[in-house]
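Structure, as C-alpha cells:
Small disclaimer: the values here were computed from a predicted structure and weren't measured. Keep in mind that the numbers below use all heavy atoms, side chains included, and drop hydrogens, waters and symmetry copies. So that the names make sense, note that chain A is the first sequence line, chain B the second, and so on, each numbered from 1.
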2 protein chains.
Amino acid sequence: MLRKVKEVAELTGISIRTLHHYDRIGLLSPEQVTEAGYRQYSDRDLETLQQILFFRELGFQLKRIGEILKSPEFDREEALLLQREALLEKRARLDRMIGTLEKTIQDAKGEIEMTDKEKFEGFDFTNNPYEDEARRRWGDEAVDRSNQALANMGPEGQKQTGEQMEALFRKLAAMRNQDPDSEEVQQAIGEWHAFLNSMGHTYSPEAFKGLGQLYIQDERFTRNMDKFGDGFARFMAEAMGIRSDRLQG
Amino acid sequence: MLRKVKEVAELTGISIRTLHHYDRIGLLSPEQVTEAGYRQYSDRDLETLQQILFFRELGFQLKRIGEILKSPEFDREEALLLQREALLEKRARLDRMIGTLEKTIQDAKGEIEMTDKEKFEGFDFTNNPYEDEARRRWGDEAVDRSNQALANMGPEGQKQTGEQMEALFRKLAAMRNQDPDSEEVQQAIGEWHAFLNSMGHTYSPEAFKGLGQLYIQDERFTRNMDKFGDGFARFMAEAMGIRSDRLQG
DNA sequence: GTTGACCCTAACGTAACGTCAGACCTTATA
DNA sequence: TATAAGGTCTGACGTTACGTTAGGGTCAAC
C-alpha cells in the first residue's frame, strides 16, 4: 500500500515540509516516486519513519539518526529495546522535573526551603545521555567514517553502493559451503576488500582480518550477516583471514 | 548573593552561550553588571531562569516565554501550577509513546498486529497543546500588541517603560483612598491613559473603561494590581470609568 | 608581574524546519 | 470534455536557538 505525503503527514502528525526535508537530506526517501514526481511511501518507509521519530524524541540529530539507521550493525528490534530504556529514562527525568516543580510551589508558599541546586534538578540534559549508549551499539569512529564516505556520494550513489554491497554479499553467501581457501572464494573476497577500500576505508591486511573477526565476535554483526545464510559470518571471517595472510606472505 | 555566568551555567546545566543569548534577546538580563561588564545573576534572576526552563521544556518559544513573563497578568504561583499540569500531560504523552513502542516490539515479533494509526500514537504534538492554555491565561491579542510595542523599543526602553509604569502605579496607588472623581486623581489617570496610548495602544474612551473593568473582572489582574495596595484595582477601575465618561460626555 | 582561569563582544555557522511563490498534476463535477 | 478545486512539486529565502571560533580584556594567586 502506497501513501502520498498528506496521508503520511496526517497519520504521523508531522508536516509535509518535514517529509520533504527528510527526503532532501536522504534520511527518508520514499520507496517509489510517480512519473510526475509524487512521493509514494510504502509500509517499510513508515516503519523507518517511526524509528526516526523515536530517535528524534530522544534528542538525536537527524544526521546521527541517518547514520544509525544505515549502520551495518543496526538492528531494529534491538533499537526498539534500547529506545524503550531511553524513553523510560526520559520519563524519569520528567518525573524529577515535576518533583522540582512541586517543591518549588511549596517553596514559593514558604512551606519549605530549597537549595539552589535543588531548584534545577531534572533540567540537566547535557548532550543527550542516550547518545553514549547508541554510540556503543551502532557507531564507533570506523563506522562513522564509512557513513561519511556513503554520505559523500549522495543519495543516488548511496543506493547504488548499498545494492552493490548486497549483491556482493549474496554472491559470497552462495559460496559459503565452499572452501574459503579456494580461488573462487578468494577472488570474491578480493572484490569485497576492494569495495571497502573504494569507500575510503583503506583497510590494511591486518585491519581487514580484524574486520572479519568482528563479524563473529560481535553478535550483532553475526546476526545481520547470517541473514544472508546460516554460517555466513563465520565463513566471511575465515575467508578474510586467509586473504589477509596471503597478502602478508 | 551574586553569581557569575559559569556558576549559573554549572548550577542549571545550560551553557554560558545560552545565558549570553538570553541576555541579548532580553529574556533574562542579569540584575547587575560589573564595571568590566561581567554579568552578575541574583537569586531573583535564578527564579526567572527556572521559570524560563520550565516553559522551554514545555516547548514554548523563547519569544513567547518573554511575553508571558512580562505580561501584566503573569503570576508565578499560578504559572507553577499550570506548568505542573502541562508537565503531567507531557508525561502522559510520553507514556503513550512508550506504550506504542512496546506494542511495536511485540508487533515486530509477530505476536500482535498493529494498525498504522497505532504505530504513531503519542507522536502527534501539533503545535504545543499548552500554548492554548497559556494564551487563555496570560495573553490575548491586546496583551500581545502591548508586548509588541514594548519589544519595539529595545531593552533599554523596556526597562525605562517598566519603571515609568511602576512609578505611575505607585503614584496612583498612593491616592487610592481619595475620591476617584477628584481633579488630582483624574489628572493622574490622564497620565496613565496617555502612557498607554504612547505605547501604541490608542485606547478609545470605551476601551479605556473596558480595560478598567478588566482590572476587577479578571482576578489575575486584580491580584497583580493589588500588590500596589489594597483595593487598588477597584480604585483604578472606578477612576478610569469616570475619565471615560467625562471624555465622552 | 605574569600566568592561568574566567569574562566580554562580534560575527559567522548550523540544524530543522516554516513559509511563500510559481508551476504542474489529478479528479470530481458540470 | 472542460474546468475548478484541491494536492503536489521544486526552489529559495526566513527563522529559532543556540554552537563555535576569534580576538581581546579581567582577576586572583603566586
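- Rounding to whole angstrom units, CD of residue B/Glu35 and C1' of C/dC8 are separated by 15 Å.
- Rounded to a whole Å, the NE2 atom of B/His20 is 15 Å from the C1' atom of D/dA17.
- Distances from the side chain of B/His21 to the nucleotides D/dT26, C/dC17, D/dC18 place D/dC18 closest.
- The side chain of A/Tyr38 approaches C/dC25 more closely than any other nucleotide in the set C/dT9, C/dC25, C/dA16.
- Distance from the side chain of B/Tyr22 is smallest to D/dC18 among D/dC18, C/dC8, D/dT10.
- The side chain of B/Arg17 sits closest to D/dC18 out of D/dT10, D/dC18, D/dC27.
- If you measure from atom CZ of B/Arg24 to atom C1' of C/dT9, you get 8 Å, rounded to the nearest angstrom.
- The CG-P distance, from A/Asp23 to D/dG11, rounds to 12 Å in whole Å.
- Across all strands shown, A/Ser15 has heavy atoms under 4.0 Å from sugar-phosphate atoms exclusively, and none from any base.
- Taking atom CD1 on A/Ile16 and atom C1' on C/dT19, their separation rounds to 13 Å, with Å as the unit.
- One finds no side-chain N or O of B/Thr34 lying less than 4.0 angstrom from the OP1 or OP2 phosphate oxygen of D/dC27.
- Under the 30°/60° scheme for interplanar angles, the aromatic rings of B/Phe55 and B/Phe60 are found to stand perpendicular.
- The interatomic distance linking B/Leu2 (CG) with C/dC7 (P) rounds to 14 Å, in whole Å.
- Checked against B/Ser29 for a side-chain hydrogen bond (donor to acceptor under 3.5 Å, both in side chains), the options B/Asp45, B/Asp23, B/Thr48 give a single hit: B/Asp23.
- Nearest nucleotide to the side chain of A/Ala36, out of C/dC25, C/dC17, D/dC18: C/dC25.
- Nucleotide D/dT15 holds its P atom 22 Å from the CZ atom of B/Phe60, rounded to whole Å.
- Summary of the strand contacts: A/Lys4 and B/Leu62 both lie near DNA chain D, and taking for each the nucleotide with the nearest heavy atom, the more 5' one is attributed to A/Lys4.
- One distance of note links OH of B/Tyr41 with CD of B/Glu31; it measures 12.0 Å at 0.5 Å rounding.
- A/Glu10 places its CD atom 14 Å from the P atom of D/dG6, with the value rounded to the nearest Å.
- Note that CD of B/Gln50 and CG of B/Leu11 are 10.5 Å apart. Values are rounded to the nearest 0.5 Å.
- B/Thr12 OG1 to B/Ile52 CD1: the interatomic distance, rounded to the nearest 0.5 Å, is 10.5 Å.
- Under 3.5 Å, the side chain of A/Arg39 and the base of D/dT8 form no donor-acceptor pair of N or O atoms.
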